[in-house]
S.K.: 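Starting off with a structure, shown below.
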Amino acid sequence: MRFDVVTLFPELFAPHLTQGITRRAFESGQVDVRLWQLRDFATDAYRRVDDRPYGGGPGMVMLAEPLEAALAAVQADRGAPPAVVHFTPAGRRLDQALVQEFAAAPGAVLLCGRYEGIDQRVIDRHVTHEISLGDYVLSGGELAALVLLDAVARLQEGVLTAPSHEQDSFSDGLIEGPHYSRPERLAVPGGAELPVPEVLMSGHHGHIARWRRECSLAVTARRRPDLIVAARAAGRLSKDDERYLSGLGL
Ligand code: SAM
């Protein structure tokens, strides 16, 4: 898959594409990320990519012409892109279902806004997806693009040593339960010792799986009851799950 990122700050990407578990996907080209400096497509001698908004008001707007030229260059290089994403607080909130769609698709162009945003005519002509990270305002779309790239890369085959993403939060619509590692008993100030839940030391895979499932149901019911409603509606809760939830009074 190939992602073409149109940005004023391509240098923000390298640190994230060359570190950590997802590095393999980026360095092998499994997730091929090409960076396009928008300023290279400016049409004036000052390499200007923003100007004041028509109608007045604060801030600057990203000019349509450099963006049109950048998109034309991307298209000339790769052919018509399968999707053009604009990151904006007005978009659909990014979630794991949307990440899974992109992880199974051939890639996209990612438009990173800055200033007050992009000239609407470019959005109207080219954008297929508008994506938001949440109800807050960032100073640019680069972090949103990196979030999408990271989430997509870790779902690619061979990126994680074990298919641990299958147990991650949201992969089955629920939030994942707690994790424990060594020591078996954690000494804390005051002399107390915090043990690991006994079932995890039992070696009984069936009991451990059931305990993990129940932790996942409990944390989801407490923090995101909407996800329980959705899982129920999608038929993803077993009879045992329902029995456990009704024992919690849910
Ligand atoms: N004037 C815009 C508004 O009120 O919605 C905010 C512009 S923001 C300062 C600059 C750029 O950051 C946006 O064009 C967008 O690309 C990106 N951005 C800001 N918040 C975002 C969010 N929650 N999700 C995705 N992108 C965001």
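Note that ligands are numbered from 1 as they come in the structure, with each ligand's atoms numbered from 1 the same way.
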S.K.: Within ligand 1, which atoms have a heavy atom of Phe87 less than 4.0 Å away?
M.R.: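 Taking each heavy atom of Phe87 in turn, ligand 1 has 15 (C), 16 (O), 25 (C), 26 (N) under 4.0 Å.
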S.K.: Which protein heavy atom lies closest to atom 24 (N) of ligand 1, and at what distance to 0.1 Å?
M.R.: Leu133 N, 2.9 Å
S.K.: Quick check against the 3.5 Å criterion: does Ser132 have a side-chain atom that pairs as donor or acceptor with the backbone of Arg93?
M.R.: no
S.K.: Give the residue, atom name and distance (to 0.1 Å) of the protein heavy atom nearest atom 7 (C) of ligand 1.
M.R.: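 Ranking protein heavy atoms by distance from atom 7 (C) of ligand 1, first comes Tyr115 O, 3.4 Å.
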S.K.: Could you check atom 5 (O) of ligand 1 against the protein and tell me its nearest heavy-atom contact, residue, atom and distance included?
M.R.: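 Ranked first by proximity to atom 5 (O) of ligand 1 is Pro89 CG, 3.5 Å.
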S.K.: Please list the nearest protein heavy atom to atom 2 (C) of ligand 1 with its residue and the distance rounded to 0.1 Å.
M.R.: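 The closest heavy atom on the protein side is Glu116 O, 3.5 Å.
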S.K.: Using a strict threshold of under 4.0 Å (side-chain N to carboxylate O), is an ion pair present between Arg114 and Glu142?
M.R.: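 Yes.
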S.K.: Might you point out which heavy atoms bring Tyr115 and Met60 nearest each other, and give the distance in Å?
M.R.: CB-O, 3.1 Å
S.K.: Within ligand 1, which atoms have a heavy atom of Ser132 less than 4.0 Å away?
M.R.: 23 (N), 24 (N), 25 (C)
S.K.: Roughly how far, to the nearest 0.5 Å, is CG of Asp50 from CG of Leu63?
M.R.: 6.5 Å
S.K.: Identify the protein heavy atom lying closest to atom 23 (N) of ligand 1, giving its residue, its atom name and the separation to 0.1 Å.
M.R.: Tyr136 O, 2.8 Å
S.K.: Run the numbers for me: atoms of ligand 1, each under 4.0 Å from some heavy atom of Gly113, listed by number.
M.R.: 11 (C), 12 (O), 14 (O), 16 (O)
S.K.: Which ligand 1 atoms does Gly117 reach within 4.0 Å, using its non-hydrogen atoms?
M.R.: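 Those qualifying, in numeric order: 14 (O).
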S.K.: Do any nitrogen or oxygen atoms of Val137 come within less than 3.5 Å of a nitrogen or oxygen of ligand 1?
M.R.: no
S.K.: Kindly give the heavy-atom pair with the smallest separation between Ala97 and Arg92, and that separation in Å.
M.R.: CB-NH2, 4.3 Å
S.K.: Does Gly134 reach ligand 1 with a nitrogen or oxygen that is under 3.5 Å from one of the ligand's nitrogen or oxygen atoms?
M.R.: yes
S.K.: List ligand 1 atoms under 4.0 Å from Gly141, heavy atoms only on the residue side.
M.R.: 12 (O), 16 (O), 17 (C)
S.K.: Can you tell me the protein heavy atom closest to atom 20 (N) of ligand 1 and the distance?
M.R.: Leu138 N, 2.9 Å
S.K.: Should we count CD of Glu184 as having more than 12 external heavy atoms under 6.0 Å?
M.R.: no
S.K.: Quick test of your reading of the model: are Asp172 and Arg213 salt-bridged, counting only N-O distances below 4.0 Å?
M.R.: yes
S.K.: By number and element, which atoms of ligand 1 are closer than 4.0 Å to a non-hydrogen atom of Ile131?
M.R.: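 Result: 25 (C).
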